[in-house]
Amino acid sequence: MKEIKLLYLYPDMLELYGDYGNIQVLKYRCEKRNINLIVDKYSIGMDAPDFREYDIVFAGGGADNEQSILAEDLIKYKDNIKKAVESGTFFLLICGAYQLFGKYYKGVEGDIIPGLDIFDYFTEAQPDRRKRCIGNIITEVNVNGETTKVIGFENHGGQTFNITSPFGKVLLGNGNKFEDSEEGFFIKNVIATYLHGPLLSKNPKIADYIIKYCLERKYNEEIVLEELDDTLEEKCREQLLKEFLNK
Ligand code: GLN
């Protein structure tokens, strides 16, 4: 039986709007295909993980307060995380976690939370805390040469700058900044995005992209994933796209 090892970072601090659902979706889609998804958790006070042992690292969103507390802990693993990124471990990072992998996050009060500085982007919140990008969002994403509409929900004050390779083109909503045309950050083994939702339940193609990537890297062979019956997921997507795009 093939297996994928996932590290879930700070589950007690980074979990907004159903971010954990992303892991449940990965587990469901793996189990249906007889793939064992092992989930380990790490949070402050636990033994140091070796990020390179994992096929996927997942971290969700969190408020500024949680971000500033855990950033001090996360930074201890900077070199290890950088090596894991370079060696191809997959990183799925939502909102607050997305921000922390960049150079810094500047909060509403102007306070700077240093990021891991693994990627060149940086994020600054507006001084007016009521100014936030909130609402449903739809982007157009290209995965494995195929274009798909990605549906989610965003709620962030942070405005992310200096993105070299965005995850999606915004069709509805804000994206990396107010009224931006681009959302998130994407390289083959990193999806960093503002989309909560949970992202993967509304976008099974993205879940399968991640599963396929992890298996191909781990087993060093071409993987053709067994098709799953996504009739319900597709119906739900059709309904949401109709509702959100035809307003
Ligand atoms: N604190 C960050 C912001 O508001 C992240 C919020 C989140 O993870 N939803 O920009």
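Counting starts at 1 for both ligands and their atoms, following the listed order. Keep in mind that what you see is a predicted model, and the values were worked out from it rather than measured.
Panel note: side chain D73, backbone I44; no donor-acceptor pair is recorded below 3.5 Å.
The 4.0 Å heavy-atom shell around ligand 1 contains residues L16, G61, G62, A63, D64, Q67, C95, G96, Q99, Y105, R132, N155, H156, G157, G158, H196, ordered by chain and number.
In this structure, Y105 has no ring pair (Phe, Tyr, Trp, His ring centres under 6.0 Å) partners at least two apart in sequence or on a different chain.
Relative ring orientation between F101 and F119 is described as parallel, the plane-to-plane angle staying below 30° on a 0-90° scale split at 30° and 60°.
At a cut-off of 3.5 Å, with distance as the only test, no side-chain donor of D19 or Y8 sits close to an acceptor on the other residue.
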Sequence neighbours excluded and cut-off under 3.5 Å, please list the side-chain donor-acceptor pairs for residues 220-229, or say none.
{"residue": "D229", "atom": "OD1", "partner": "T231", "partner atom": "N", "Å": "3.1"}
{"residue": "D229", "atom": "OD1", "partner": "T231", "partner atom": "OG1", "Å": "2.3"}

Identify every side-chain donor-acceptor pair in residues 185-194 under 3.5 Å, counting partners at least two apart or on other chains, and give the distances.
{"residue": "N189", "atom": "ND2", "partner": "V85", "partner atom": "O", "Å": "2.9"}
{"residue": "N189", "atom": "ND2", "partner": "T89", "partner atom": "O", "Å": "2.9"}
{"residue": "T193", "atom": "OG1", "partner": "E183", "partner atom": "OE1", "Å": "2.9"}
{"residue": "T193", "atom": "OG1", "partner": "E183", "partner atom": "OE2", "Å": "3.2"}
{"residue": "T193", "atom": "OG1", "partner": "L195", "partner atom": "N", "Å": "3.0"}
{"residue": "Y194", "atom": "OH", "partner": "Q99", "partner atom": "NE2", "Å": "3.0"}
{"residue": "Y194", "atom": "OH", "partner": "T160", "partner atom": "OG1", "Å": "2.6"}

